[in-house]
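A quick write-up on the structure given underneath.
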Amino acid sequence: MIDTQLSRMYESLGISKDVQMFGAETESALKPRFEEIDRRAEYNQMKVIKAMQDCRVSDIHFAATTGYGYNDLGRDTLENVYAACFHGESALVRPQLMSGTHALHVALSGNLRPGDELLSPVGKPYDTLEEVIGIRESAGSLKEYGVSYRQADLLPDGTFDYENIRKAINEKTKLVTIQRSKGYATRPTFSVEQIGQLIAFVKSVKPDVICMVDNCYGEFVEITEPTDVGADMIVGSLIKNPGGGLAPIGGYIVGRKDCVDRAAYRLSAPGLGKEVGASLGLNQSLFQGLFLAPTVVAGALKGAIFAANIYEKLGFSVHPNGTEERHDIIQAITFGTAEGVIAFCQGIQAAAPVDSYVKPEPWDMPGYDAPVIMAAGAFVQGSSIELSADAPIKPPYAVYFQGGLTWYHARLGILKSLQSLVERGIVRLPE
Ligand SMILES: *Cc1c(COP(=O)(O)O)cnc(C)c1O
């Protein structure tokens with residue numbers, strides 16, 4: 001009974017019987033993996049609840065403050081919860097951290113001084129950090145402030161080049177930045193365990209170096225975070241995993257107290273640090289978003305794995321592949337043609353709760369060397385924990401997609417993308 005009604009409901013959303021069947025078959029083979037994801041989500045849910053209980057979260061912490069925000073009890077408690085949950089001494093969790101890039105910039109520029117050197121032992125960092133660091137010339141970059149940069153690339157198989165990392169560490173090396181997620185590069189994403197090994201190696205060469213991890217897209221994918229394996233700071237965006245889809249803005253820095261304090265002095269002003277910064281009524285969303293984050297991340301992970309398996313079965317190259325262990329929520333699918341990429345993105349858009357009637361088209365976005373297509377029908381602008389996809393229209397014609405506040409929405413999005421490819425004759429379902 002429910003199956004018939006569910007099938008009709010999918011049909012009313014434009015998903016044909018064939019596509020439904022193909023999806024159901026693919027999903028049934030994924031049951032054991034989904035159970036594993038659910039167990040991790042359960043662990044992480046308990047971890048968040050434990051942190052909230054230990055910090056005695058109460059409804060008084062949801063009250064808004066304005067102006068300077070001195071003695072903002074809710075803000076301070078939220079920061080204690082983040083520190084407790086991610087096992088750091090201290091945390092800076094603020095709507096005044098405007099994005100992941102801003103949080104990373106604050107963490108870096110707060111902890112580096114003129115004459116210091118920054119090292120990335122994992123190859124080129126995320127695009128937006130190139131200008132923060134000064135890899136690409138930019139006004140106000142770390143380079144302009146006399147901070148030099150060095151990079152050790154990964155070995156061809158995507159592992160750490162320990163020999164070159166050792167050579168790159170010198171008397172000036174002050175901070176090592178490790179990006180957990182591949183972002184939009186083709187290298188693998190690192191597990192927390194791998195990051196722990198890298199940090200141990202770096203500290204064996206130079207014990208007092210600060211190890212910072214760009215944790216974007218990685219939170220709650222595993223049951224540990226880089227702070228559990230020696231990271232001095234982890235940094236991320238609240239409109240990705242840890243905001244649980246409810247945070248309307250914000251970033252976080254969690255870790256060693258002295259590192260977090262220096263970041264806070266950079267964010268506000270020397271002498272002010274964490275003492276100022278009104279929460280403007282956002283505390284409840286930030287608490288509640290963190291509370292929901294483990295299950296939201298689980299839904300996004302299921303969506304990524306479902307998509308990988310669907311498109312792998314149809315003969316497309318997917319990264320990570322259908323069976324690989326996951327360390328972030330990003331899925332890449334190579335369609336090989338512009339039409340494939342466009343059809344996929346238009347399908348994702350058509351499944352959205354918001355702006356489903358809009359048809360995304362490629363456009364010449366500033367800063368990109370090819371037209372880019374983006375699909376997102378999000379409650380929070382630019383939020384990439386919500387189901388979203390984007391792709392540059394150039395070879396190899398790969399689309400990157402991530403998110404989904406619920407597994408069911410992610411599932412619909414992927415079926416809708418497949419429907420769109422089938423209807424345009426780009427994909428033929430097996431008989
Ligand atoms: C998203 C992301 C960033 C930057 O975050 P924004 O919020 O987009 O500024 C940095 N690093 C990685 C790995 C990311 O995925």
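Ligands are counted one by one from 1 in listed order, and the atoms in each one are counted from 1 as well. These numbers come from the heavy atoms of this one structure, side chains and all, not from hydrogens, waters or symmetry mates.
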**Stepwise side chain to side chain contact (heavy atoms under 4.5 Å, CB included) check, Phe220 with Leu301** = CA-CA 10 Å; Phe220 298 120; Leu301 277 172; over 6 Å; no
**Asked** Can Lys274 be said to sit on top of Tyr68's aromatic six-ring, NZ or CZ under 6.0 Å from centre and within 45° of the ring axis?
**Response**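 No, cation not above the ring by the 6.0 Å, 45° rule.
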**Prompt:** Is Lys143 paired with Glu137 through a side-chain N to carboxylate O contact shorter than 4.0 Å?
**Reply:**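 Between Lys143 and Glu137 there is a salt bridge, with a charged N closer than 4.0 Å to a carboxylate O.
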**Asked** For Lys124, what residues pass the salt bridge (Lys or Arg N to Asp or Glu O under 4.0 Å) criterion, not counting sequence neighbours?
**Response**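 Lys124: salt bridge (Lys or Arg N to Asp or Glu O under 4.0 Å) contacts with Asp127, Glu130.
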**Asked** Can a donor-acceptor pair be found between the side chains of Gln331 and Arg326 at a distance below 3.5 Å?
**Response**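 The criterion, which ignores hydrogens and geometry beyond distance, is satisfied for Arg326 and Gln331.
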**Request:** Write down, by chain and number, every protein residue that brings a non-hydrogen atom to less than 4.0 Å from an atom of ligand 1.
**Result:**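 Contacts of ligand 1 under 4.0 Å: Ser99, Gly100, Thr101, Leu104, Tyr126, Gln179, Asp214, Cys216, Tyr217, Ser237, Lys240.
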**Request:** Could you tell me whether the side chain of Ile210 reaches within less than 4.5 Å of the side chain of Arg262, counting heavy atoms only?
**Result:**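 In contact.
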